There are 2 protein chains.
Amino acid sequence: MPVPRAGLDAATVVAAGAELADEIGFAELTMARLAERVGVKAPSLYKHVAGQDDLNRRIAALALAEVADTLGTAIQGRSGRDALGAAARALRRYVLDHPGRYAATAGLTATGPEDPIAIAAAQGIAPFAAVLRGYDITPDQMPHALRSLRSVFHGFATLQATDSFQWSADVDDSFDWLIDLVDRGLRATPAP
Amino acid sequence: MPVPRAGLDAATVVAAGAELADEIGFAELTMARLAERVGVKAPSLYKHVAGQDDLNRRIAALALAEVADTLGTAIQGRSGRDALGAAARALRRYVLDHPGRYAATAGLTATGPEDPIAIAAAQGIAPFAAVLRGYDITPDQMPHALRSLRSVFHGFATLQATDSFQWSADVDDSFDWLIDLVDRGLRATPAP
DNA sequence: GCTAAAAGCTAACATCATTAGCTTGAGTGT
DNA sequence: ACACTCAAGCTAATGATGTTAGCTTTTAGC
């Protein structure tokens with residue numbers, strides 16, 4: 001398998017795209033700019049990536065995988081409210097550190113269960129499941145609890161990422177408050 | 001003030017853009033397509049709207065105002081868990097009915113307090129504040145509670161809008177579960 | 001060394017947003 | 001009634017974009 005004049009690779013291109021998106025914003029990420037960044041002309045990118053849409057989806061999948069990894073290590077050795085707080089803080093930190101990649105995950109529709117995005121998203125659930133194991137959740141309530149956790153965290157992270165909080169109150173305090181809210185709600189879960 | 005060969009207006013253009021975005025998706029909304037929709041050539045749109053970015057922001061502001069209105073009427077005559085559920089359900093319905101407009105509100109950064117987006121967003125808070133009045137929230141906790149509510153609802157609505165829930169469990173049930181979770185958390189709010 | 005295939009290139013095209021400048025038509029003041 | 005104004009809409013042009021087609025080059029394996 002010949003590998004000419006390279007240093008370039010699908011993974012490398014996607015990684016560079018994610019990095020560039022973090023720097024200049026996801027909306028400003030363009031094939032031409034990415035090509036220049038990796039030292040290549042725009043059409044050459046198509047040897048590694050099917051197009052802009054494919055690139056975006058791969059960046060999103062990368063971000064989701066990284067989030068899953070980050071959250072997984074964040075909750076290791078913790079449980080209950082402690083794990084909840086650690087996971088939440090890790091996600092927030094990730095979004096602040098990688099706003100471009102994370103923005104790529106917004107507004108995506110998985111084409112099917114085989115879509116890398118769907119797979120990455122499914123893996124991203126695992127840490128949340130681990131957190132919930134510290135609470136009294138019956139198995140039949142697990143899917144609802146997972147979706148709820150995901151909604152809460154995703155909602156706060158995106159609002160924060162887009163700078164949608166306009167008042168002066170400290171965002172960290174609000175985040176702690178939100179975590180406490182969820183923790184209270186989870187601990188008060190009734191067994192129906 | 002002469003008003004020639006018309007039927008066109010800034011508000012009309014924005015409304016048509018929002019409608020078109022709902023039909024074909026926000027990402028597919030283009031100046032050319034919108035021009036064709038309103039029966040005009042693309043450059044003519046610039047007589048009513050400063051450009052694509054301006055158009056997007058105006059659509060977002062429209063959506064935020066509509067959301068505020070919808071939520072406001074949804075909670076009238078209700079309070080507590082009842083108001084919470086009604087507001088949540090109204091938002092969800094809105095996002096499902098108007099996915100394009102709502103997508104326009106994601107990933108926007110208000111340029112300042114005078115930005116129509118900031119104003120519309122501020123008005124959108126009011127219904128949430130009304131809901132929270134039915135719970136025991138101290139004034140200094142209000143901002144945190146508002147942000148939390150916004151995060152929760154926005155998170156679930158966007159995940160749902162982008163079809164990010166892949167498992168088979170009924171989404172409506174999950175939504176009810178989430179509302180209960182928040183309700184329990186709010187009722188258990190401690191007085192610090 | 002020779003060959004095959006992948007990587008990268010140039011050229012070209014369609015589409016898009018946007019600007020500049022012209023044309024036209026409706027309302028206003030006399 | 002009539003001319004004047006000025007904004008709505010147009011055509012033409014520009015630069016940037018994503019993308020495709022086809023050519024050239026480089027490297028790995030025989």
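Each chain gets a letter, A, B and so on, in the order its sequence line appears, and its residues count up from 1. Note that this is a predicted model, so its numbers are computed, not measured.
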K.L.:
dA17(C) C1' sits how many Å from L34(B) CG, rounded?
P.N.:
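Rounded to whole Å, this separation is 13 Å.
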K.L.:
Expressed as a whole number of angstroms, how long is the span from N56(A):CG to dT17(D):C1'?
P.N.:
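That distance rounds to 14 Å.
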K.L.:
Between atom CG in L45(A) and atom P in dG8(C), what is the gap in whole Å?
P.N.:
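Going from CG in L45(A) over to P in dG8(C) covers 9 Å.
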K.L.:
Send over the distance from R33(A) CZ to dA16(D) C1', rounded to a whole Å.
P.N.:
10 Å
K.L.:
Go through dC16(C), dG9(D), dT10(C) for me and flag the one nearest to the A32(B) side chain.
P.N.:
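The answer is dC16(C), which lies nearest to the side chain.
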K.L.:
Would L45(A) and V38(A) count as a side chain to side chain contact (heavy atoms under 4.5 Å, CB included) here? Give the steps.
P.N.:
CA-CA 9 Å; L45(A) 293 179; V38(A) 300; 4.1 Å; yes
K.L.:
Considering only side-chain heavy atoms of T30(B), which listed nucleotide, dA17(C), dA8(D), dA20(C), is closest?
P.N.:
dA17(C)
K.L.:
Tell me: NZ of K47(A) to P of dC23(D), nearest whole Å?
P.N.:
13 Å
K.L.:
Would Y102(B) and H98(B) satisfy ring pair (Phe, Tyr, Trp, His ring centres under 6.0 Å), going step by step from the backbone distance to the final call?
P.N.:
CA-CA 6 Å; Y102(B) 194 81; H98(B) 306 288; over 10 Å; no
K.L.:
Whole-Å distance between dA5(C) C1' and L8(A) CG?
P.N.:
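L8(A) atom CG is separated from dA5(C) atom C1' by 17 Å.
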K.L.:
Can you tell me the distance, in whole Å, between the CG atom of L29(B) and the P atom of dC16(C)?
P.N.:
11 Å
K.L.:
Tell me the closest heavy-atom pair linking L8(B) and V13(B), and the distance in Å.
P.N.:
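Shortest heavy-atom separation between L8(B) and V13(B) comes out as CG-CG2, 4.0 Å.
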K.L.:
To the side chain of Q52(B), which of dG8(C), dA17(C), dT10(C) is closest?
P.N.:
dA17(C)
K.L.:
Please confirm whether the shortest side-chain N or O distance from S44(B) to OP1 or OP2 of dC10(D) is below 4.0 Å.
P.N.:
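Checking dC10(D) against S44(B), a side-chain N or O does come within under 4.0 Å of OP1 or OP2.
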K.L.:
Kindly give the heavy-atom pair with the smallest separation between L84(A) and V131(A), and that separation in Å.
P.N.:
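Answer, listing the atom of L84(A) first, then V131(A): CD1-CG1, 3.8 Å.
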K.L.:
Among the candidates dG9(D), dA17(C), dA12(D), find the nucleotide nearest to the side-chain atoms of Y46(B).
P.N.:
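Within the option list, the nearest is dA17(C).
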K.L.:
Quick one: is H48(A) getting a side-chain N or O under 4.0 Å of the dA6(C) phosphate, OP1 or OP2?
P.N.:
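For dA6(C), OP1/OP2 do not have a side-chain N/O of H48(A) under 4.0 Å.
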K.L.:
What nucleotide, of dA21(D), dG8(C), dT18(C), holds the atom closest to the side chain of A42(B)?
P.N.:
dT18(C)
K.L.:
Check this for me: E36(B), atom CD, are more than 12 non-hydrogen atoms of other residues, nucleotides or ligands nearer than 6.0 Å?
P.N.:
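For E36(B), atom CD is not crowded (no more than 12 foreign heavy atoms under 6.0 Å).
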K.L.:
Nearest whole angstrom, please: distance from the P of dA16(D) to the CE of M31(B).
P.N.:
19 Å
